[in-house]
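FYI, side chains are in, hydrogens and waters are out, and symmetry mates aren't considered; it's all heavy atoms of this structure. Labels below follow one simple rule: chain letters A, B, ... track the order of the sequence lines, proteins then strands, and each chain is numbered from 1.
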Amino acid sequence: MKYLYVAATEEVEREALAAVTGRVAAEFDYPVRGLELGSVEFAFNAERAQYSSIAVLDMLLRQCPPDAGKLLAVTERDLYIPVLTFVFGQAQLGGRVAVVSFARLRQEFYGLAANREIFLERAYKEALHETGHLFGLVHCAEGGCAMSLSTTVRQIDLKDDAFCAACARAVRRHPEGMEA
Amino acid sequence: MKTHWQILVVDDEEVMCESLAAWLREDGYVVDTAPSGRDAVEKARLRDYAIYFVDLKMPGGMDGIETMMQIRHLHPEASIIIITAYATVDTAITAMKEGAQEYIVKPCNPEEISLLVNRIIKVKNLQRENTILRKKLTRQYSVHDVVSKNPRMLEIMALCGEIASLRSTVLIQGESGTGKELVARAIHNAGDRASKPFVAVSCAALAESLLESEFFGHEKGSFTGASQQKRGKFEMADTGTIFLDEIGDISPKLQVDLLRVLQDRSFYRVGGSVEVKVDVRVVAATHVNLQQAVAEGKFRDDLYYRLNVIEIRIPPLRERREDIPLLAHHFVERLSHELGKDVSDVGEGALRLLMDHNWPGNVRELENAVERAMVTCRGPVLTERDFAFLAQTAAPATGWAVPAGMTIEDMEKVLITATIQRTQGNIKEAASVLGIDRSTLYEKIKKYEIPR
């Protein structure tokens with residue numbers, strides 16, 4: 001039996017983690033397990049004051065339990081890849097591990113008043129998005145689909161917290177999807 | 001329409017290269033990477049990428065500018081984006097002067113790269129659509145547009161090039177849907193007459209009297225309804241090529257008229273008394289066996305010999321099954337643009353099904369089948385399920401009568417020979433189809449002296 005693991009680094013707020021885990025479990029109809037991760041300070045780049053998402057993915061691959069079909073990690077740390085100023089998350093396309101950063105999903109990051117509802121909506125959407133990549137989905141041309149590309153929080157806010165029919169079908173029919 | 005476009009990322013830092021490639025792959029692009037300018041140029045020699053991301057500073061004697069110049073030498077239309085961590089006004093000016101489409105400083109905003117790539121791909125899609133539509137509009141097909149790796153087809157294409165500039169009459173024989181008009185147009189477009197008219201006439205579509213007027217035109221008042229003088233197709237094709245499709249269907253009277261035109265290159269309009277001289281190259285085509293029609297007295301032998309100066313026989317699709325995957329992919333690529341569907345490939349199961357189908361309607365039937373599958377498919381890859389209709393429309397297999405006196409060994413020989421032919425000599429595949437192991441198959445090949 002393979003599980004979809006939802007893992008969290010030490011600083012992640014547990015209530016938010018529980019909310020995201022519940023949403024992912026419902027959307028993917030997959031047995032879900034939790035996993036506690038330690039700190040990701042090893043991935044810190046002092047020059048950029050950010051955390052390397054590639055280093056985080058490497059760590060996840062090492063810590064991935066044998067019964068993990070897929071593993072989605074969440075962190076409060078601001079992630080980057082070398083060529084980009086930041087990423088909301090990163091996944092191995094069709095692979096085992098993905099990570100989502102909550103840092104830029106909070107209103108506070110942009111100097112605005114905290115809004116828990118908006119933050120959780122964004123967190124759900126990005127968790128679905130990166131997990132969708134693990135099931136081989138690429139960015140969807142349907143603007144409302146959770147798999148559409150978002151490079152700003154405004155774009156995240158505009159899309160739905162669900163897959164379009166075609167992406168949902170593709171996840172179900174994926175070799176590791178529930179229909180398989 | 002992302003799946004058809006390929007991107008090359010060139011950077012000596014592996015982590016930089018792979019992270020950008022992974023990010024672009026999430027966007028649906030097919031992405032290759034190269035660790036140096038030299039590797040990039042080698043890859044560009046083999047394939048024309050839609051976009052090249054090239055790092056400015058690379059060791060090994062070939063920096064980003066030099067790499068860009070060599071790629072542009074190979075592909076003058078290439079879209080090249082120079083990326084650098086050390087931006088200066090000078091390098092930016094040099095990059096743009098040498099033909100970079102964009103110059104970006106890393107790390108850059110994800111939105112910036114996304115917009116940039118989308119903008120370039122949008123233009124590429126429009127350019128490609130424009131080329132396809134232009135080609136369709138003018139039907140300017142060349143020998144290079146014939147999709148085939150079959151030796152007989154390749155010989156035909158080579159022959160088309162050799163005979164293109166001659167005036168000799170060509171007779172193209174082949175079943176319906178094999179692409180006789182495509183070959184005729186390829187001959188026309190490869191020769192000296194390419195810029196002159198190409199006029200196609202379907203001889204099967206019109207009654208004798210109408211066809212005569214269609215061929216040679218008519219004078220005003222020559223028959224009821226002839227309210228004004230009309231030029232015929234032979235006059236319209238003057239200095240160019242006339243393509244007479246389904247020539248085997250013309251009446252005995254028209255066969256005589258046509259023979260005269262082929263001999264003298266002149267004719268009279270219907271109801272006319274002035275001889276019209278034309279310089280026309282005649283390419284005729286038929287799906288019937290003209291030699292047999294001559295033997296049966298249905299087609300004049302003198303006309304047959306006049307037409308059959310250069311003979312081209314196009315093999316049916318079932319005799320060049322190796323072309324089926326090529327053609328299927330070609331149609332998917334073309335139709336994805338025409339139908340506006342993001343379909344990029346044909347799955348293995350679907351290809352097996354297409355290879356097994358008999359294709360009585362030849363390439364045209366295959367094209368229609370791919371179009372039908374693409375209209376109803378729901379994913380980016382055509383599957384066996386999308387071609388399920390082929391099983392329903394397939395003609396019922398003709399019953400095979402066992403010849404009297406046939407032994408089990410005779411039957412085994414026939415079966416093994418047919419299977420080896422079908423797998424094109426692939427013993428492993430033939431053994432698998434026959435349900436025996438390879439060594440047994442080799443023994444039987446030896447025993448029955450079956451050629452491979």
> Which bit of A:Q50 is near chain B, if near means a heavy-atom gap under 4.5 Å: side chain, backbone, both or neither?
Replying inline: neither

>> On a heavy-atom basis, which atom in A:P82 and which in B:V15 lie closest, and how many Å separate them?
In response: CG-CG2, 4.0 Å

> Roughly how far, to the nearest 0.5 Å, is CD of B:E111 from CZ of A:R154?
Replying inline: 11.5 Å

> In terms of heavy-atom proximity below 4.5 Å to chain B, should A:F86 be classed as side chain, backbone, both, or neither?
Replying inline: both

> So, for A:I81 and B:S19, which heavy atoms are closest and what is the spacing to 0.1 Å?
Replying inline: CD1-O, 3.7 Å

> What do you reckon, is CD of A:E11 surrounded by more than 12 foreign heavy atoms closer than 6.0 Å?
Replying inline: yes

>> Between B:C108 and A:T85, is there a side-chain heavy-atom distance shorter than 4.5 Å?
In response: no

>> Counting only heavy atoms from other residues, nucleotides and ligands, does the tally under 6.0 Å from CZ of B:R385 exceed 12?
In response: no

>> Quick check on B:I113 against chain A: is it the side chain, the backbone, both or neither that has a heavy atom closer than 4.5 Å?
In response: side chain

> Does a sphere of radius 6.0 Å around CD in A:E36 hold more than 12 heavy atoms from other residues, nucleotides or ligands, not counting ones at 6.0 Å or beyond?
Replying inline: yes

>> Would you say that more than 12 heavy atoms from the other residues, nucleotides or ligands in this model lie under 6.0 Å from the NZ of B:K122, or not?
In response: no

> Any idea which of A:S53, A:A91, A:A170 has the most non-hydrogen atom pairs under 4.5 angstrom with chain B?
Replying inline: A:A91

> Would one find more than 12 heavy atoms of other residues, nucleotides or ligands at under 6.0 Å from atom CD of B:E14?
Replying inline: no

> Measuring from B:S114:OG to A:Q155:CD, what's the distance to the nearest 0.5 Å?
Replying inline: 7.0 Å

> Between B:P110 and A:L84, which heavy-atom pair has the shortest distance, and what is it?
Replying inline: CA-CD2, 3.9 Å

> Yes or no on side-chain contact (heavy atoms from CB on, under 4.5 Å) for B:W23 and A:V83, after CA distance, side-chain angles and deciding distance?
Replying inline: CA-CA 10 Å; B:W23 194 78; A:V83 76; 6.0 Å; no

>> Would you say CZ of A:R48 has more than 12 non-hydrogen atoms from neighbouring residues, nucleotides or ligands within 6.0 angstrom?
In response: yes

> Under a 4.5 Å cut-off applied to non-hydrogen side-chain atoms, are B:E26 and A:E130 in contact?
Replying inline: yes

